[in-house]
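Sequence lines set the chain letters: A, B, ... in the order given, protein chains first and strands last, and positions in each chain run from 1.
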Amino acid sequence: MSLNAEQKRAVAHRGSSLLVLAGAGTGKTRVITHRVAALIEDGVEPWRILAVTFTNKAAGEMRERVHDLGHEMGISTDGLWVGTFHATCARILRRYGEAVGLSRSFTIYDATDQRTLMNRVLKELDYSTSMFPTAQVLGYVDRAKNRGIGPASVSQLDLEEPLHTVVSRAYARYQERLRAADAADFGDLLNLTLEVLRNETASRGQLAREDEAGQLAHRFQHVVVDEYQDTNAVQAELVDRLATRAELCVVGDDDQAIYGWRGADVAQILGFSARHEDCEIIRLEQNYRSTGHVLSCADGIIAANHRRHGKTLWTDADDGPPIRVCRFDDQRDEAAAVVSEIVRHLDDGVDPEEMVVFFRTNAQSRPFEEALREVGVGYRVLGGMRFFDRQEIKDLVAYLRLLDTPTSDLDLERAINRPARGIGQKSVDALRRLAASESQSLHWALGELDRAELGAAARKRVAAFADLLARLRQDCEGLALPDVARVVLEASGYWEALGPNSDIEAASRRDNLDEFINALAEFTAAQPEATLSDYLDTIALASSEDDADARQVVTLMTIHAGKGLEFDHVYVTGMEEGVFPHVRSLDDPTAMDEERRLAYVAVTRSRRYLTFSYVGRRFMFGQEQVNRPSRFLRDLPSKGVVRFGERSRGSAAATRRATVGANPAVDVEPAWDADIELDEGASGSGEEGQALYIGMNMRHPKFGVGDVVSWSGVGDHLKLTVDFARYGRKTILARFCVPA
DNA sequence: ACATGTTCCCTTTTT
DNA sequence: GGGAACATGT
């Protein structure tokens, strides 16, 4: 497939900044990869090109595709910078970070580390975490960091008084602790890089011309940013500054902005052209991914949103099979139905990788996991607990980080009593007091044990731990990373303390540790020069998507995790008010718009087959809840959408009575998983473009008016079982009926 | 100091 | 239904 005219323009444009508004499935990634390859072909050195993606996975794919393209063209792409904002910043800070207070081997704190640290800070400040929950305070700190607001400027957040003081003091202390531990959290990666760039600008006047080449702001000649709609204010400034001397090309789709909760601001893409002189705007509207019916569903959903650039996707493709909306009684039914259809598709030779089950929140995955396990179908769950968040992995990583960054108190506190060696909270407190009295790290305190207020026994145990650390540092000098891990597990007694392998728990932990060491080995093999810091960066910045394995399996994931992917068969489950849209968005119009965009993203993942499902009752919070069908289902067009298991009137019980005992010639249950979805001719349903549902009124020329009870078959062969008012129950061909 | 029990949140979505 | 902070008993 070659590029269309618009895509070509986007690839070839030079001389000013460029905004590419690319709807879902319009070949955005193709444009970016081709553009990068074309730049290199034009003679731009790869190391002077920066491509920023949203996820690590997207970065990996882009690297690969550019490399392949380059290979075809006979050019080398070595040295090209491709990465997420955070990975790119980490890389920059490893090199330029000393100016902003980070050593070369600084540690990246992930969400879990952040929470632990903030928890500690709140305790130190004597704030009750029941009145000021850690997550809440951290949430404000995060919000501040997303907007580039430092601890001194927290007032910009407009918080009420008790909270304002708490947040600003906690934020300040939190930052102190981070710097003291030689650590940076996600927000810091962005903000500190920005600081590096600002410092450069400030000192530029004093530089000789020849020194400017070493300047970060002057390094890049071209900067390309993907998913620009999901950038926050800090990232936008970062991009602008990194592109001081570069041509900037940003690509995005305001309709797919789904990270507002993380500080992303659609204003960045909406206002991009105003902020950049001579900005060229190119729209990509031809969709190459989905069928007509899928696209009209997408359009129906997104059309209700305000504040859009506004664009209409179109396609040359056929309408495709009808889109299905299915109601089930509960989650088990929903999962069983979806899974049994997946099994049928597998039997028909459908590639498991082409089927995906989407849900709004991670908690919804379990029924699907259980159903899949029951039938023995391989699956992976994206977005659940990260591999690297498992306790045993965190423990090992704590040791590894400690070897790298001794001042990381968080890691020391974790490692000091793992495995349990009788060093409890009290002993740690004593160490902390000692460290605090000299504004030093806990690691320093280990060397001053006689000054700590410890009992003799405790002192001995702590001293033993200090010895262990020292010994580890010596023994691991010069060892390959996987061996370092092995030595740590052995010397610390961790491996042994897990207990016998007959304990399933212990065996699984050992498996995970082995897997981790394998990953370390692979990493070392792929990048022999890489340091422990490099690997730990990869871990800290990895999401659960990144530890997806390569098996051929069905995927279960949140819609957020599905962004940028496409599948032949898409199941969007849990389409209920309070689930999707999420309960916390119900009374917030801005949040609701984002939910809607999320629904749009879900729909546009499908190439051809798209099924929505919802349930009558659902277990949430360990309690049964009854939710109404999602409002998004109401926004679907009636043409090309078939509804199953729904009813227009009467109770659910009445529907059941009506469906049970139907004419044995047809399927008794609403045939939601009949072959309709695989039949190309089955667009629409009973009547042209009219949704079909149980209880629907139909008129037949001879029998008069009646209620639909069930149906089977497709297209011209679609048969309805109808309870006629005067003639009783009949099974007839749908094409002889019209909706009454 | 630790193991076990209890009660309390909470919960979107992720780099 | 589950994890984490807290409480109690050994």
Distance, rounded to the nearest Å, where Arg115(A) contributes CZ and dA5(C) contributes P: 7 Å
From the options dC2(B), dT15(B), dT14(B), select the nucleotide whose nearest atom is closest to the side chain of Ala561(A). dT14(B)
Does the distance from a Lys or Arg side-chain N to an Asp or Glu carboxylate O, for Glu369(A) and Arg366(A), drop under 4.0 Å? no
Within this structure, what is the CD-to-C1' distance between Gln391(A) and dG2(C), rounded to whole angstrom? 15 Å
Measuring to OP1 and OP2 of dC2(B), would you say a side-chain N or O of Asn417(A) lies under 4.0 angstrom away? yes
Give one of base, sugar-phosphate or nothing for Phe580(A), where a contact means two heavy atoms less than 4.0 Å apart. nothing
From NZ of Lys145(A) across to P of dT15(B) the rounded distance in Å is 18 Å
Look at all strands and tell whether Tyr259(A) reaches a base, only sugar-phosphate, or nothing, counting heavy atoms closer than 4.0 Å. sugar-phosphate
If I take atom CH2 in residue Trp261(A) and atom P in nucleotide dT14(B), what distance separates them, rounded to the nearest angstrom? 6 Å
Taking only Lys NZ, Arg NE, NH1 and NH2, and the carboxylate oxygens of Asp or Glu, determine whether Asp635(A) and Arg596(A) approach each other closer than 4.0 Å. yes
Value in whole Å for how far the P atom of dT14(B) lies from CZ of Phe359(A): 10 Å
Atom-pair distance (CZ on Arg120(A); C1' on dA4(C)), nearest Å: 14 Å
Go through DNA chain C and write down every stem, that is, every run of at least three consecutive Watson-Crick or G-U wobble pairs with distances under 3.5 Å, as range with range. B:1-9 with C:2-10
Closest-nucleotide 5' rank along DNA chain B - winner of Arg461(A) and Ser585(A): Arg461(A)
Does the side chain of Thr55(A) get closer than 4.0 angstrom to OP1 or OP2 of dT14(B) through an N or O atom? no
Base, sugar-phosphate or nothing for Lys563(A)? Non-hydrogen atoms, less than 4.0 Å. nothing
Run the salt-bridge test on Lys394(A) and Asp411(A) with the 4.0 Å N-O cut-off and return the result as yes or no. no
Non-hydrogen atoms of Ala170(A) and Val137(A) that approach each other most closely: CB-CG1, 4.0 Å
dT15(B) phosphate, OP1 or OP2: any side-chain N/O from Asn232(A) under 4.0 angstrom? no
Closest contact, heavy atoms only, Thr573(A) versus Ser613(A): CA-OG, 3.4 Å
Gln268(A) to Tyr228(A) - nearest heavy-atom pair and separation: O-CE2, 3.4 Å
Could you give the CD-to-C1' distance, from Glu227(A) to dT14(B), as a whole number of Å? 13 Å
Candidate nucleotides dC2(B), dT13(B), dG1(C), ranked by approach to the side chain of Arg366(A) - the nearest: dG1(C)
Indicate, with a heavy-atom threshold strictly under 4.0 Å, whether Asp142(A) touches base, sugar-phosphate, or nothing. nothing
Thinking salt bridges, do Glu370(A) and Arg332(A) make one under a 4.0 Å N-O criterion? no
Would you mind reading off the distance between Lys123(A) atom NZ and dA4(C) atom P, rounded to a whole angstrom? 13 Å
Is the backbone N or O of Leu442(A) less than 3.5 Å from a side-chain atom of Asp409(A), with the two atoms forming a donor-acceptor pair by type? yes
